[in-house]
Amino acid sequence: QVQVVESGGGLVQAGGSLRLSCAASGRTFSIYAMGWFRQAPGKEREFVATITWNSGRTNYADSVKGRFTISRDNAKNTVYLQMNSLKSEDTAVYYCAAARSAASGTYSRNYDYWGQGTQVTVSS
């Protein structure tokens, strides 16, 4: 089993920045990739960014490219999501997830372990 815990959400004005953290514990050697997803009220959960655990290869949703950066610190078993130039449409609950499969990609159903989520609210 792998446990993931998010932190770092909050309230920020449009144009501001936040950094989310996701700490993984347990059988972290089984992780292939870590991803961030988000869910706004009344909307489906959507992919934000992902990073492979060993190689550090990243992938981003078009809506956040150039504004968000995902990174990892393997020594700390932690993944970060640096969010800059935030917009009101970025308001959502952000979830961190871990995937064991190389086929995880951008689909939430392919991720095995999920955190409880952290709220990000961007005021305009």
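Please read these numbers as outputs of a predicted model, since none were measured by experiment. As a basis for the values below, the full set of heavy atoms in this structure was taken, side chains included, without hydrogen atoms, waters or symmetry mates.
- Contact annotation: the side chain of R38 approaches that of S63 to within less than 4.5 Å [non-hydrogen atoms, C-beta and beyond].
- Here K87 does not pair with D90 in a salt bridge; the nearest charged N to carboxylate O distance is not below 4.0 Å.
- Taking every heavy atom of both residues into account, E6 and Y95 meet most closely at OE2-CA, 3.3 Å.
- Between F37 and W114, the ring planes are tilted. Angles from 30° to 60° get that label.
- In terms of heavy atoms, S21 sits closest to T78 at CB-CG2, 4.4 Å.
- For W53 against T28, the heavy-atom pair with the smallest separation is NE1-O, 4.0 Å.
- Nearest heavy atoms, C22 versus V4: SG-CB, 3.9 Å.
- Annotation for E44: atom CD does not count as buried by contact number, only 12 or fewer foreign heavy atoms lying within 6.0 Å.
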**Prompt:** Is there a side-chain contact (heavy atoms from CB on, under 4.5 Å) between V2 and M34 once you walk through the steps?
**Reply:** CA-CA 11 Å; V2 174; M34 298 286 291; over 6 Å; no

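- Between Y80 and D73, the shortest heavy-atom contact is CE1-CB, 4.0 Å.
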**Asked** Does the side-chain contact (heavy atoms from CB on, under 4.5 Å) test come out yes or no for Y60 and I51, once each step is laid out?
**Response** CA-CA 9 Å; Y60 297 91; I51 186 167; over 6 Å; no

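- Taking each heavy atom of A33 and T50 in turn, the nearest pair found is CB-OG1, 4.0 Å.
- A heavy-atom distance below 4.5 Å is not found between the side chains of Y113 and I31.
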**Prompt:** Given the rule in the side-chain contact (heavy atoms from CB on, under 4.5 Å) test, do Q119 and L11 qualify, once you have shown the distances and angles that lead to the verdict?
**Reply:** CA-CA 8 Å; Q119 176 71 47; L11 174 64; over 6 Å; no

**Message:** Pair S101, N110 - check side-chain contact (heavy atoms from CB on, under 4.5 Å), show working.
**Reply:** CA-CA 7 Å; S101 171; N110 293 336; over 6 Å; no

